[in-house]
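Below is one structure; the comments refer to it alone.
First the proteins, then the strands, lettered A, B, ... as listed; each starts at 1. Values below: every heavy atom of this structure, side chains too, minus hydrogens, waters and symmetry copies.
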Number of protein chains: 2
Amino acid sequence: MSVAEPGRFEKIKVPSAYQMVAEAIEREIMAGRLRPGDEIGTEAELVRQFGVNRSTVREGIRLLEQAGLVQREAGRKLYVCLPHYRKLSDRMSRALVLHQVTFRELFEAAVILELGVIESAVDEATEEDLAALEANQAMAEAALDDPVRLAGLDTEFHALLAKASRNRVLELAREPAALLFFPTSELICRRVPQGAGRMVAAHRRLIDAVAARDKEEARLWMRRHVVDWKRGFERAGRDIDEPVESIFERLSGVRQYAS
Amino acid sequence: MSVAEPGRFEKIKVPSAYQMVAEAIEREIMAGRLRPGDEIGTEAELVRQFGVNRSTVREGIRLLEQAGLVQREAGRKLYVCLPHYRKLSDRMSRALVLHQVTFRELFEAAVILELGVIESAVDEATEEDLAALEANQAMAEAALDDPVRLAGLDTEFHALLAKASRNRVLELAREPAALLFFPTSELICRRVPQGAGRMVAAHRRLIDAVAARDKEEARLWMRRHVVDWKRGFERAGRDIDEPVESIFERLSGVRQYAS
DNA sequence: ATGCCAACCTTTGTCGGACAAAGGGACGAA
DNA sequence: TTCGTCCCTTTGTCCGACAAAGGTTGGCAT
């Protein structure tokens with residue numbers, strides 16, 4: 001059988017009933033006729049409307065559930081919801097791991113994305129954003145000898161910056177890489193003595209630069225901060241060209257708390 | 001009922017059987033014990049192993065199917081597969097639409113992401129990449145008066161560039177925005193007389209710059225190219241601060257061909 | 001009348017079984 | 001060898017059923 005025969009015709013696909021159920025509901029949502037927060041009917045109701053069996057309806061609902069388009073209130077009513085970034089980013093991160101991307105790819109993408117973020121953040125950050133960053137910084141300074149907590153705070157720091165950029169496209173674009181990238185600072189803080197101090201110092205400069213609306217200073221320190229990660233990573237004895245799978249075991253543990 | 005009571009304990013959640021089935025299989029995949037291409041057993045086999053009903057197994061499989069972790073060969077055997085970027089990006093794009101991101105967010109993210117892409121592409125592009133870009137360019141030059149086709153080729157052009165960057169993290173990060181951003185060039189080509197010509201001309205310069213490994217030139221023309229989109233968009237009478245939902249109706253049509 | 005409790009009803013999650021359709025393999029005929 | 005046919009397996013769908021948990025309602029005590 002030819003897997004990808006370059007022929008005249010596209011491969012024909014017959015959608016099954018449960019897929020059509022899911023697609024029908026999805027269309028309603030995407031077209032705005034079902035809005036986030038609206039209830040979708042009970043299963044019995046959907047059975048009546050679609051004229052298929054409940055099992056079929058349920059399989060369709062599972063697709064939407066995994067897509068993050070619908071949610072159940074504690075085993076109860078089914079209603080439409082906005083797919084949450086975190087869940088989507090999670091999936092993306094997993095895909096990156098499965099595709100065996102290297103830390104080098106992660107690093108180079110982080111340089112680009114975080115520089116973009118900081119630039120927007122300098123323009124757009126509000127007082128609330130700065131307050132949140134300061135709170136994060138205070139906690140980090142109090143946790144200099146706790147690599148696990150520090151890595152979590154580092155991840156959060158950059159997520160807060162992304163939020164401060166007021167650009168949700170950028171925020172979403174950076175998140176999958178960030179979920180794999182920043183948690184590795186745990187490793188660095190653990191293995192490189194001055195790692196934690198350098199990290200917190202860089203964060204301090206970044207907050208100050210954002211507060212002062214100084215774009216050049218912000219770019220400078222963000223670049224230093226990310227490049228510092230690379231040096232720390234190598235000094236911790238890791239090869240930047242290795243795939244990220246190894247880190248993932250711990251991440252999956254972390255993720256369980258988050259979900 | 002307190003929806004988000006800030007208490008001592010996390011909300012307890014009892015995973016249902018079908019979720020546990022999905023998670024069990026997902027763990028096998030993420031841990032590498034099931035590799036892409038491997039077959040998962042038949043439903044009957046999973047029923048035996050998990051000790052649950054077939055309906056339950058099937059609902060679990062639907063979750064994995066939607067996550068892109070497993071696939072069915074034309075209604076037949078179930079096997080593990082690498083989640084395809086396109087499908088994930090699709091979901092992300094949908095989420096962006098539902099969150100009503102604006103064209104401005106899209107535009108600003110595109111500047112950052114495409115500049116990052118072109119920079120890596122200049123360093124990393126192979127002869128094959130350049131050949132693919134040239135082929136795209138040839139088709140575009142032959143379709144100057146076909147906005148729909150031209151928009152598709154524009155989208156593909158930038159996807160090829162992203163591939164040429166040899167950075168899959170970056171490639172994945174830019175795709176969701178790209179799927180919403182570049183198809184709008186159809187609108188521009190249709191409403192702005194010189195739009196198509198300027199687009200193709202910019203692509204020409206970009207290919208040449210990549211071939212010449214001239215990073216400055218490449219950055220220059222990419223910036224012009226994206227800023228040109230903005231001018232065209234405004235000249236076509238659209239407001240850059242409007243949310244992207246409107247464009248999505250057509251996109252969902254396009255997407256059906258691609259999937 | 002008001003507040004509380006118990007008996008209902010509804011809905012989901014799970015189970016068991018059933019059958020048509022389609023893929024795949026074995027087997028025999030040309 | 002090649003081809004068609006029959007049979008087995010597997011999936012997609014359907015039907016019916018039941019326990020558990022949330023919600024509702026009506027009655028009862030105050």
Atom pairs under 3.5 Å, N or O on each side, protein against nucleotides 8-10 of chain D: can you list them with distances?
unit_1: D:dT9; atom_1: O2; unit_2: B:Arg76; atom_2: NH2; d: 3.4

Look for any protein N or O under 3.5 Å of an N or O in nucleotides 14-16 of chain D and output each such pair with its distance, or none.
unit_1: D:dC14; atom_1: OP2; unit_2: A:Asn53; atom_2: N; d: 2.8
unit_1: D:dC14; atom_1: OP2; unit_2: A:Thr56; atom_2: OG1; d: 2.8

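Atom pair B:Gln19:CD and C:dT12:P shows a separation of 15 Å (rounding to whole Å applied). Rounded to whole Å, atom P of C:dG16 lies 16 Å from atom CZ of B:Arg58. D:dT13 atom P lies 13 Å from atom CZ of A:Phe50, rounded to whole Å. As rounded to whole Å, 16 Å separates atom P of C:dT12 from atom CD of A:Glu59. For the pair A:Ile61 CD1 and C:dG13 C1', the computed distance is 12 Å after rounding to whole Å. If you measure from atom CG of B:Leu78 to atom C1' of D:dT11, you get 11 Å, rounded to the nearest angstrom.
Applying the 4.0 Å criterion to OP1 and OP2 of C:dG13, one finds that A:Arg62 has a side-chain N or O inside that range.
Here A:Tyr18 pairs with nothing under the ring-ring contact (aromatic ring centres under 6.0 Å, His included) rule; sequence neighbours left out. Looking at residues two or more places apart in sequence or on another chain, you find a side chain to side chain contact (heavy atoms under 4.5 Å, CB included) between A:Val21 and A:Ile25, A:Phe50, A:Val52. Under the rule for a side chain to side chain contact (heavy atoms under 4.5 Å, CB included), the partners of B:Ala132 that lie at least two apart in sequence or sit in another chain are B:Leu160. With sequence neighbours excluded, no residue satisfies side-chain hydrogen bond (donor to acceptor under 3.5 Å, both in side chains) with B:Glu108.
What you find for B:Asp154 and B:Ser185 is that their closest heavy atoms are OD2-OG, 3.3 Å. Listed here is the closest heavy atom pair of A:Glu39 and A:Tyr79: CA-CB, 3.9 Å. Minimum interatomic distance between B:Leu63 and A:Arg62 (heavy atoms only, all atoms of both residues): CD2-O, 3.2 Å.
Residues A:Asn53 and A:Thr56 bring no donor and acceptor atom of their side chains to less than 3.5 Å of each other.
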